[in-house]
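Below is one structure, written out as structure tokens, with a few remarks after it.
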Amino acid sequence: MKHEFPITRTANPKEKPDPNTLKFGETFTDHMFIMEYTDGKGWHDGRIVPYGPLSLSPAATCLHYGQEMFEGLKAYKTKEGKIQLFRPDMNAKRTNVTNERMCIPTIDEEIYVDAIKALVNVEKDWIPDIPNTALYIRPFIIGDSPELGVKPAKHYIFGIITCPVGPYYANGLSPTKIYVEEEFVRAVMGGTGYAKIGGNYAGALKAQMKAHEKGYDQVLWLDGIERKYVEEIGTSNAFFVICDEIITAPLAGTILPGITRNSVITLLKEWGLHVSERKLSIEDVFEAGEDGTLKEVFATGTAAVISPVGELSWGDRKITVNKGEIGSISQKLYDTLYGMQTGLVEDKHNWVFDIK
Ligand SMILES: *Cc1c(COP(=O)(O)O)cnc(C)c1O
């Protein structure tokens, strides 16, 4: 590692949770990484300190105007006890794309990855090692200048926190029920849809709550202008297998450029399958569902890796996908990606970063 950071160890280590009952994002480890940015000085004072509350001015920019961003990735422990990250360089790159959109100063990508490695190394005993568990890593940046003027902050905090997490689905890869959202939209061209920011999530909560109330697991977002083309499923990228074509929305500014999405496209092409990044109308999805040519629908993202969809509801139309069961492409993608992440499948792409 090129960059090293001072470590202040906690005087009160917490008890590790039972790996069999872990939920997502409820238990945090003993330490966190913190680095600050000050105008005129740049990023400085990267350090690992005991996990604990941040002290903020009540006037901090992030609290009023939402100048913040975040990322998400996982560290896995292999059967042999090795610790692996999956494509953390992509998270660093994407952070800077988001920062650029949010007027947050960019971060040296090597420092970023080294900070993640250093923190995971300190917390290595927290990485659960039973199947389908991992250490979830949450980098984030907030602007925290104590000024109410509407302008980019002059001081920022870059933090990384980590939490041991269990399987996304307690009963394996169970297909989800998805509600096609027609009232609310997630993003429009020229907006912030491609940036990983809390603002996109806050604006999406209402639709998610509505879908839950109606008995669905997630929403399928349509484009913000015509409400015609499919974009994302909840906070994941969406893929549709129609006849022998695998279709996902293009990176045109309104969807998040998922690292899992990118990995899935790469693998599918290598397997000789026909992948298209193109606009796909919800009408075409439902017609394919009704005439039997819609073979699989799945969502991709770090949390669940691959999440198959078993049912879609759009207005008064409902379709079942692959009899409500996981399809062969979804299963093969999950086995391959999860296999690489956990060291069971060979990584020919240099996607896996070892932590020494
Ligand atoms: C993080 C995220 C994804 C998935 O990205 P991965 O890099 O695959 O985890 C997809 N959509 C949205 C809106 C996201 O925030």
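We use all heavy atoms of the structure for the numbers below, so side chains are in, but hydrogens, waters and symmetry mates are not.
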Check: Between I259 and R94, which heavy-atom pair has the shortest distance, and what is it?
Finding: N-NH1, 3.6 Å
Check: What distance separates D39 CG from K41 NZ, expressed to the nearest 0.5 Å?
Finding: 12.0 Å
Next item on the list: Please test T10 against Y51 for side-chain contact (heavy atoms from CB on, under 4.5 Å), starting from the C-alpha separation and ending with a verdict.
Entry: CA-CA 8 Å; T10 178; Y51 180 91; over 6 Å; no
Margin query: Looking only at the aromatic ring of each residue, does the gap between the centers of F86 and Y76 stay below 6.0 angstrom?
Written below: no
Notebook entry, point to check: For E15, does the CD atom sit with more than 12 other heavy atoms under 6.0 Å from it, leaving out its own atoms?
Noted result: no
Margin query: Are T8 and R47 packed together at the side-chain level, in the sense that at least one heavy-atom pair is separated by less than 4.5 angstrom?
Written below: no
Next item on the list: Begin from the C-alpha positions of E283 and K228 and carry the test side-chain contact (heavy atoms from CB on, under 4.5 Å) through to its verdict.
Entry: CA-CA 8 Å; E283 179 61 46; K228 180 173 172 189; over 6 Å; no
Next item on the list: Quick one: pull up CG in D291 and CD1 in I319 and give me the separation to the nearest 0.5 Å.
Entry: 10.0 Å
Item checked: Pairwise distance CZ(F70) to CD1(I160) - rounded to 0.5 angstrom -> 15.0 Å
Margin query: On a heavy-atom basis, which atom in Y338 and which in P131 lie closest, and how many Å separate them?
Written below: OH-C, 3.7 Å
Margin query: With no hydrogens and no angle check, just 3.5 Å: does a side-chain donor-acceptor pair link N237 and T260?
Written below: no
Margin query: A quick test of your reading: do over 12 heavy atoms of other residues, nucleotides or ligands sit less than 6.0 Å from NZ of K154?
Written below: no
Check: Would you call E290-R317 a salt bridge at under 4.0 Å N-O?
Finding: yes
Notebook entry, point to check: Testing D354, D129, D347 for salt bridge (Lys or Arg N to Asp or Glu O under 4.0 Å) with K82, which one passes?
Noted result: D354
Item checked: Polar contact flag, side-chain donor to acceptor under 3.5 angstrom, E182-W314 -> yes
Note to self: Show the nearest heavy-atom pair for residues Y156 and D144, with the distance to one decimal.
What the structure shows: N-OD1, 3.7 Å
Next item on the list: For salt bridge (charged side-chain N to carboxylate O under 4.0 Å, His left out), just list the numbers for R186 and E231, CA-CA rounded to whole Å, side-chain angles, deciding distance to a tenth of an Å, and then say yes or no.
Entry: CA-CA 9 Å; R186 195 189 84 89; E231 294 214 324; 5.9 Å; no
Check: For the residue pair Y334 and F298, is the inter-centroid distance of their aromatic rings smaller than 6.0 Å?
Finding: no
Next item on the list: Using the salt bridge (charged side-chain N to carboxylate O under 4.0 Å, His left out) rule, take E226 and K279 through it: C-alpha gap first, then chi angles, then the decisive distance, then the call.
Entry: CA-CA 12 Å; E226 295 181 78; K279 284 186 170 182; 5.1 Å; no
Check: Can you tell me how far the CD1 atom of I246 sits from the NZ atom of K295, to the nearest 0.5 Å?
Finding: 11.0 Å
Check: With a 3.5 Å cut-off and no angle check, do the side chains of E100 and N96 form a donor-acceptor pair?
Finding: no
Checklist line | Check against salt bridge (charged side-chain N to carboxylate O under 4.0 Å, His left out), E277 and R261 | finding: CA-CA 11 Å; E277 293 176 66; R261 174 188 182 278; 2.8 Å; yes
Check: So, does H44 use its side chain to make a donor-acceptor pair with the main chain of M35 at under 3.5 Å?
Finding: no
Margin query: Using side-chain heavy atoms (C-beta onward) and a distance below 4.5 Å, is C103 in contact with Q67?
Written below: yes
Notebook entry, point to check: Between Q218 and T176, is any side-chain donor less than 3.5 angstrom from a side-chain acceptor?
Noted result: no
Checklist line | Taking every non-hydrogen atom, the tightest pair across H31 and R9 | finding: NE2-CA, 3.5 Å
Notebook entry, point to check: Would you find more than 12 non-hydrogen atoms of other residues, nucleotides or ligands less than 6.0 Å from K210 atom NZ?
Noted result: yes
Notebook entry, point to check: Any side-chain donor-acceptor pair under 3.5 Å between T162 and E123?
Noted result: no
Notebook entry, point to check: Does the side-chain contact (heavy atoms from CB on, under 4.5 Å) test come out yes or no for T95 and I104, once each step is laid out?
Noted result: CA-CA 10 Å; T95 291; I104 295 172; over 6 Å; no
Notebook entry, point to check: CG/L337 to OG1/T266 distance, rounded to the nearest 0.5 angstrom?
Noted result: 9.5 Å
Note to self: With a sphere of 6.0 Å drawn around NZ of K206, does it hold more than 12 non-hydrogen atoms of other residues, nucleotides or ligands?
What the structure shows: no
Item checked: Test side-chain contact (heavy atoms from CB on, under 4.5 Å) applied to Y216 and Q208, step by step -> CA-CA 9 Å; Y216 293 87; Q208 186 182 309; over 6 Å; no
Checklist line | Contacts of F240 that satisfy ring pair (Phe, Tyr, Trp, His ring centres under 6.0 Å) - sequence neighbours left out | finding: none
Check: So, for Q84 and M340, which heavy atoms are closest and what is the spacing to 0.1 Å?
Finding: NE2-O, 3.2 Å
Margin query: I need the full list of salt bridge (charged side-chain N to carboxylate O under 4.0 Å, His left out) pairs touching residues 23-33, with sequence neighbours left out, sorted by first then second residue.
Written below: none
Check: If you look at every heavy atom in C62 and L56, which pair is closest and at what distance?
Finding: SG-CD1, 4.4 Å
